[in-house]
Each structure stands twice: as C-alpha cells, then as structure tokens.
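Both counts, for ligands and for their atoms, begin at 1 and track the order of listing. The shown structure was predicted, so the numbers you read here are calculated from the model rather than taken from an experiment.
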Amino acid sequence: MEIDFQDLDPRLRYKILTSTVIPRPIALVTTRSADGVDNAAPFSFFNVFGENPPIIILGLQAREPGLPKDTTRNIRETSEFVVHLVDRALAEAMNDCAVNFPENISEFDSTKISRAKCQRVKVSRIAEAPIAFECRRTLILQLNETRDLAIGEILYMHAREGIIDPESMNLNLSKYNIVGRLFDDLYAPVLETFAHTRLDHSGWLEKFRS
Ligand SMILES: Cc1cc2nc3c(=O)[nH]c(=O)nc-3n(C[C@H](O)[C@H](O)[C@H](O)COP(=O)(O)O)c2cc1C
C-alpha cells in the first residue's frame, strides 16, 4: 500500500500517524493561567530532543482554527509548564484531565490529582506522578492556525523515591510502571525488554572475526 500524504485528509493523516508511531510517551502537562487557574492536560505528541540543552517538545492542536487549548494559551502567557510522565496508577486521572473543562475550572479540583509545589516555576505539579520536569518555554512555533509546537527547557526534575538510584543515576524499571499511548483509547505498559549491545567499529570487526 502506498499513501500520498499530500493528498490525504488531515483526519486520516492523524489516524495513520497515531496508530503507526506507537507507543508514544504521554506528557501530562500542568500550567497556570494568567488568572491563577491550575490546568492539567495530556499530550502524546511529545518527546525529549536532547540533553544539552535539555529540550522537550509538545505538539499542541487548537480546539478550532484560532482557538488554542488552555495549555497552549497558558504557555504563551506565562512561559512555564510542568511535564509529568504517566504510570499505570495515574492513567485514569490522566484520561480525566483530557475532558474539555471550562478554562476557569481546574482539573486539580475536578479529578483525582493533587497539587505539589515546584522549585523553579510557579505552576503546580502533580503529587501522584512518578516523574515531573519543570520547564520554561524556549519558543512556540506556530506552524499554522491549528498546530503549535511548544519547545521548552527542563529546569528541574522530581522523581518518586526508588525510581532512580541516587549513586548510579540508573533507572529501576521494576519501580517505574510507565504506560505509552497506542491509538484511540488504547494504552500499553512496558511488557518485556531485550538488550542489544551497541558496538564501535573495532567491536564490530571483532564480532565478525570470531
Ligand atoms: C492520551 C492523550 C493524548 C493526547 N495528546 C494530545 C496531543 O498530543 N495534542 C493535543 O493537542 N491534544 C492531545 N490530547 C487531547 C487533549 O488532552 C485535550 O484536548 C485536552 O482537553 C486539552 O486540555 P486544555 O484545554 O486544558 O489544554 C490527548 C488526549 C489524550 C487522552
């Protein structure tokens, strides 16, 4: 099958992209409006794109042309946001945060997430999240009237006790029950792992000499 993306309706592009590029990590993003309302919403067009500077990018769709989501408006107005990763225990509340609550209603007061303080930004973070990254906006790229990319730098990180070894900084996978998004309403935990050692060229030659 061949698909010409330029001729394809954007809704079908969405369907194909979100069902083939899987699993995607989920950023549960908190922001605070200029009026002081704490907001939370999930975004799976999301990833990290480097460590120096430590860069996070979110793909933000408008509700309709020219009408941004609360998250987009808040990042534009305050420059601050917190990205939380989502584990199995937080998954239901994450989905509840995707409800289109009116902008003056906080997801913290309507769903089962509770506030914790941040160190570098004024935004509230989610106490129940296994990992939280406090971020400051680097820039927002407005690609068209329905699609923004928010690029932010990670300033500070919170990790639940036991997930990261403080000596080695290694992850304890057995304590990190993270979930990814598949498509539609489907999610998946990390079920099994396997390893491939990455070789340099001399290691590569050695492997095939034996
Ligand atoms: C798992 C999941 C992933 C989502 N990913 C995105 C995304 O990448 N971009 C987007 O614009 N909306 C995404 N949404 C929809 C938003 O979360 C939803 O529109 C939300 O109401 C926005 O809230 P806000 O207006 O408070 O920012 C996703 C929803 C779910 C449940």
Keeping the roles fixed (side chain from T78, backbone from N74), state whether a donor-acceptor pair exists under 3.5 Å.
yes
Classify the angle between the aromatic ring planes of H158 and Y156 as parallel (below 30°), tilted (30 to 60°) or perpendicular (above 60°).
tilted
Any salt bridge linking K69 with D148? Criterion: basic side-chain nitrogen under 4.0 Å from a carboxylate oxygen.
no
Cationic N near anionic O, under 4.0 Å, D38 to R115:
yes
If the condition is salt bridge (charged side-chain N to carboxylate O under 4.0 Å, His left out), which residues does E103 pass it with, not counting sequence neighbours?
R73
Set of residues that line ligand 1, where lining means a heavy atom lies under 4.0 Å from it:
N39, A41, P42, F43, S44, F45, G59, L60, Q61, R63, K69, D70, T71, M94, N95, A98, V99, E107, R181, Y187
Check whether more than 12 heavy atoms from other residues, nucleotides or ligands sit under 6.0 Å from atom CZ of R136, and answer yes or no.
no
